[in-house]
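Atoms within each ligand, like the ligands themselves, are counted from 1 in listed order. Atom set for the values below is all heavy atoms of this structure, side chains included, hydrogens, waters and symmetry mates excluded. Keep in mind that this is a model prediction, so the values were computed, not measured.
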Amino acid sequence: MTQDNLRDDILHHLKFTVGKDPGHASSYDWRLALSFALRDRIVEPWFASTRKTWKEDRKRVFYLSMEFLIGRIVEDAAINLGLQDTARAALAELGQDFDALADDEPDAALGNGGLGRLAACYMESMATIGCPGYGYGIRYEHGLFRQRFEAGRQVETPEDWLTQRHPWEFERPECAYTIGFKGDVHEVDGRAVWTPGETVIASAYDMPVVGWQGRWANTLRLWGAMPTTLFDLERFNRGDFTAAAEPETLARTISRVLYPDDTTYQGKELRLKQEYFMASAAIQDILRRYLESHEDLSQLDEHVAIQLNDTHPALAGPELIRLMVDEHAMEFDTAMRIAQGCLGYTNHTLLPEALERWSTWLMGTVLPRHMQIIEMIDAAHATAHPDRPASVAIVRGNEVHMGELSFIMAHKVNGVSALHSGLVKSTLFHELDALHPGRIINVTNGITPRRWLRLANPGLADLISETIGEGWEADLDRLKGLEPHADDAGFLDRFMAVKRANKAAVSNWVSATLGVTVSPDAMFDVQVKRIHEYKRQLMNVLETIAQWHEIKKNPGGDFVPRVKVFGGKSAPGYAVAKEIIHLINDVARVVNNDPEIGDRLKVVYPPNYNVSMAETLIPAADLSEQISTAGKEASGTGNMKLSLNGALTIGTLDGANVEIREHVGAENFFLFGMTAEEVVQRRKNVNHARMAIEANDALRDVLQLLAEGRFSPEQPDRYHGIVDRMWHHDHYLVASDFADYQRAQAEVDAAFLDRDRWARMAALNTARMGFFSSDRSIRDYMRDVWGAESAL
Ligand code: F58
């Protein structure tokens, strides 16, 4: 596709799709025109992919997820189409700057964190590999909230990406399904008939997802909720306009906003409705599609694989059974066997507070027929396993346990890293594993190298291509070819020059947006992720205070200059996480304004961390903080992005850190902390925190400074809660791991001083991260879970 064609198409769309004259077009208009021109070029491969899948009657994969954390789309699409340079040149001819337009795009933030971003990486990898697939999710009008800091405190404001036109979607009003809630179930001629008391319409919006080099494209189908009756005409005629609009308001609430809670589960009715809304629309769509080319549903499992991204879409199981039994007159046992053949379930957490449970009362009220079916599934499982322990029942203690439901309904259950899958087997689903040996497997998470290296770090991507040739983006194991160059001083210089340039760009941005000056020669020490106690941002900030205190005690001393970079949001109702955010901001204020400290220590915490900010910060990182309490972080994926971009990890043996360390080499990884087993043992000692604090002068001093209000002079008792919890309720063992963390940080300093050694270690990280491409993860799923093959 030539530059002239693209330029003409951009102009055409500006005029006829956007309706603007080039002389009066804003950058928003130009971006829309560019998006439409790029989208045009996806449509052909998209149609061709769909046709091929149909013609060859391929097995299709349906990835069900309540979250798709996509980020920006324009540049990603341009890169995968191989049109980035062409677009840049075409726009330049039109007096427009590609990067500025791309930068102006709002993130599609339809997810909270790792789970949602994983779904987005997997969609891109399925398209790259040519795995015939569809993503199903919700078209939230408001994605994850925007974060601001007011006097250091997190303040949330609604996100409103859809107030702008969304040029990547195709609205499909003809593709709509009725979704029922509530009502009651009667028996008619021995068959159950559910008469819902409320209904809404799920209406489809399709986004094409194009893979690397535009060879294949799949569909991400997001559902928007619509009312079945637009408004109540009778009330309208009576002049009661607000009440007349009620049905519409009620229905639209379902796809209005993403739940911003990233770990604690709350049994809210609206959330249950959202989950069923998505699951039902997806299953109805899957069956409609299948029956277009097959006689009946008896062989569904040979042609359809349905993956549950955690338990949030788990009602897809009972819904599938309901439709097969109630609408297609299938025997329950047959329906169960077919559903199991289709379904796979991925677990993303062991944290008990995150495991979904619904009260049987709520489930029975909102979904009366599904409650019956869930009881049938449970009873059938009990009959098939007469000696099953009571603890594996789906319905127990007046609650429906979605983990057990998902496990029992799936033919494969997987964890997301080797360590996590082992723990899923030995703890969470220990008894179910004994009843169903071989069902639990591991699929270690991955990240797409197109977005997380080619797009985010073009300097490094170009250096890699010059060094080992083109094409590594779709065959990331080829990065191994960089290994011999880790002993080549010339290569390492260029590698570090790229890092230096990325850091300089971040310094400029930090200075412009936060008014803090940071030296690009300092070590950029980065912890970016959702704020949670188990991720232990608190340990990092306490260590920061200890470092500040060290410099204060020894102002003439030599210290390796560091910039501590934090990024991340707290769930709005998570008070402890919000205190940690406040503390980081308070520490930043004190440290950054302390003339005695200078460039030796800075703390920056840019607000509203999101996918786009990750793309900026990650390529500039020297050090990656992956410091969760062992056994708590299921995998992590930021850890992979950072290491791939040449940051060294300081980390615990948790989640995928274990495998990252195995791949990059123990000598290129700063390990510290207790293992998952040691954590369990240590907690048995009720005095673990006090003992650790009393044995560590630096930590005691830090807690003393906090208690005195050294970082909150306007409110000296502000951090008494944190100090008290450190001494008495240190559930995540910050105190017990602190000394070893400090020891590892000192090793990091020493390594950073040896520039050549550091450069070599960083380059070897990049060279050895090929395994963590999400293409590998998707191939694992295709082989071990889905039984699907590439159509390319
Ligand atoms: C994350 N989970 C894990 N949940 O914490 C992380 O270790 C893993 O790498 C990632 O999944 C991908 O496997 C996560 O992000 C959520 O955000 C949920 C959103 C909805 C409510 C419950 C948590």
Say whether Ser417 and Ser635, considering side chains only, have a donor N or O and an acceptor N or O under 3.5 Å apart. no

Donor-acceptor pair between Glu356 and Thr311 side chains, under 3.5 angstrom: yes

Close approach of Gly636 to ligand 1, heavy atoms, under 4.0 angstrom: yes

In ligand 1, the atoms that come under 4.0 Å of a heavy atom of Gly114 are 10 (C), 11 (O), 12 (C), 15 (O)

Anything under 30° is parallel, anything over 60° is perpendicular, the rest tilted; go ahead and classify His663 against Phe771. parallel

Return yes if some donor-acceptor pair links the side-chain N/O of Tyr134 with the main-chain N/O of Ile286 below 3.5 Å, else return no. no

Report yes or no: does Glu67 have a heavy atom closer than 4.0 Å to ligand 1? yes

Of the protein's non-hydrogen atoms, which lies at the shortest distance from atom 13 (O) of ligand 1, and what is that distance? His348 ND1, 2.6 Å

Would you check whether Leu118 has a nitrogen or oxygen atom less than 3.5 angstrom from a nitrogen or oxygen atom of ligand 1? no

Looking only at distances, can you tell me whether any N or O atom of Glu633, backbone or side chain, sits closer than 3.5 Å to an N or O atom of ligand 1? yes

among protein heavy atoms, the one nearest atom 16 (C) of ligand 1 is Asp262 O, 3.5 Å

Closest approach of any protein heavy atom to atom 21 (C) of ligand 1, naming residue and atom: Asp261 O, 3.4 Å

Could you tell me which atoms of ligand 1, counted from 1 in the order shown, lie closer than 4.0 angstrom to a heavy atom of Ala634? 7 (O)

Is the ring pair Tyr574/His532 parallel, tilted or perpendicular, if the boundaries are 30 and 60 degrees? perpendicular

Can you list the steps and then say if Tyr741 with Glu625 is a side chain to side chain donor-acceptor pair (under 3.5 Å)? CA-CA 11 Å; Tyr741 181 52; Glu625 299 265 357; 2.6 Å; yes

Does even one non-hydrogen atom of His312 get within less than 4.0 Å of ligand 1? yes

Contacting atoms of ligand 1, where contact means under 4.0 angstrom from a heavy atom of Tyr534: 5 (O)

Residues in salt bridge (charged side-chain N to carboxylate O under 4.0 Å, His left out) contact with Asp775, at least two apart in sequence or another chain: Arg450

Does Ser635 reach ligand 1 with a nitrogen or oxygen that is under 3.5 Å from one of the ligand's nitrogen or oxygen atoms? yes

Heavy atom of Asn445 under 4.0 Å from ligand 1? yes

Any chance the side chains of His420 and Asp654 put a donor and an acceptor closer than 3.5 Å? no

For Asp160, salt bridge (charged side-chain N to carboxylate O under 4.0 Å, His left out) partners two or more places apart: Arg146

Give the residue and atom name of whichever protein heavy atom lies nearest to atom 15 (O) of ligand 1, and the separation in Å to one decimal. Leu115 N, 2.9 Å

